[in-house]
Amino acid sequence: MSRPRLGILLSGRGSNFEAITRNVLNGTIKAEIALVFSNRPDARGIDRARQLGLTCATIASAGADRVEFDRKVAALLTDHHVDLVCLAGYMRILTGEFVRQFPQRLLNIHPSLLPAFPGLDAQYQALQHGVKVSGCTVHFVDENMDAGPILLQATVPVLDDDTVQSLSSRILEQEHRVYSEAIQWVLEGNFRIEGRRVLRT
Ligand code: GAR
């Protein structure tokens, strides 16, 4: 039986992509990586994906029309028969048309306990707000930013001497764990969505 095919979209460093790849290679995630895509041709993550011999594609998004750009990305994912799309530090707001093409097949990870601190610089927002606990969230993507039904969250303490960097790296460690867990859960398909709640079946 053929394994489900992942499409990973990234814009930068790619550490979540690398964690997912490790878990695909060691069999924790029962899937194959069909395509790694970046909207930034010089992203470190896409260099790494190339080094690993994965199928890669890039289209520079700078200055591109949003609807046209997302159509091209969706076409690439479809051409590569992607079953599940994982946003891994993909710093773009997707068009509704794109999102609707991948119902319950589009995941994102965000470095806060949503619905707190959506958008950019979530760890900075958490420090500024003075929360004592933060973390990360894996969620289905809907048409609003950082807003779809939540699959998994992990918490970390915010320490008195934390900087954006120290808090980010504590959260990142959890991101690397929890994203793979959520991906495998979705691939197994033993969930149902009731309203905003994603429940195990
Ligand atoms: C991660 O912290 C991820 O949660 C965040 O970008 C970083 C990417 O790191 N994503 C968002 O803020 C999305 N709103 P990585 O490139 O090393 O995986």
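Read the numbers this way: they start at 1 and go in the same order the structure lists the ligands and their atoms.
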Logged contact type for L120 with ligand 1, heavy-atom cut-off 4.0 Å, is neither
*Determine, using heavy atoms of M91 and all atoms of ligand 1, whether some pair is separated by less than 4.0 Å.*
yes
Item checked: Salt-bridge criterion met for K72 and E68 (N-O under 4.0 Å) -> no
Practice task
Answer yes or no: does an N/O atom from G14 fall short of 3.5 Å to an N/O atom of ligand 1?
Solution key: yes
Nearest non-hydrogen protein atom to atom 14 (N) of ligand 1, with distance, is H110 ND1, 3.0 Å
Six-ring centre of F69, R92 cation under 6.0 angstrom, axis tolerance 45°: yes
When distances are taken from atom 11 (C) of ligand 1, the protein heavy atom at minimum range is P111 CD, 3.7 Å
Atom 10 (N) of ligand 1 sits nearest the protein heavy atom I109 O, 3.6 Å
A student comparing H176, E18, E175 should find that the heavy atom closest to atom 2 (O) of ligand 1 comes from E175
Within 4.0 Å of some non-hydrogen atom of D146, the atoms of ligand 1 are 14 (N)
Among non-hydrogen protein atoms, atom 15 (P) of ligand 1 lies closest to S15 N, 3.4 Å
For G89, the atoms of ligand 1 under 4.0 Å from one of its heavy atoms are 6 (O), 8 (C)
Is any N or O atom of N16, backbone or side chain, closer than 3.5 Å to an N or O atom of ligand 1? yes
Between the OG1 atom in T137 and the CD atom in E175, the distance rounded to the nearest 0.5 Å is 9.5 Å
Original post:
Below 4.0 angstrom, N of the basic side chain to O of the carboxylate: do E188 and K30 qualify?
Top reply: no
Taken to the nearest 0.5 Å, the spacing of L167 CG from L172 CG works out to 11.0 Å
Classify the side-chain pair H80/T55 by whether it contains a donor and acceptor separated by less than 3.5 Å.
no
Salt bridge R44-E18, side-chain N to carboxylate O under 4.0 Å
yes
Show your reasoning for whether salt bridge (Lys or Arg N to Asp or Glu O under 4.0 Å) applies to E194 and R192.
CA-CA 7 Å; E194 277 181 15; R192 68 177 196 282; 2.8 Å; yes
re atom 9 (O) of ligand 1, the protein heavy-atom contact at minimum distance is R13 NH2, 3.1 Å
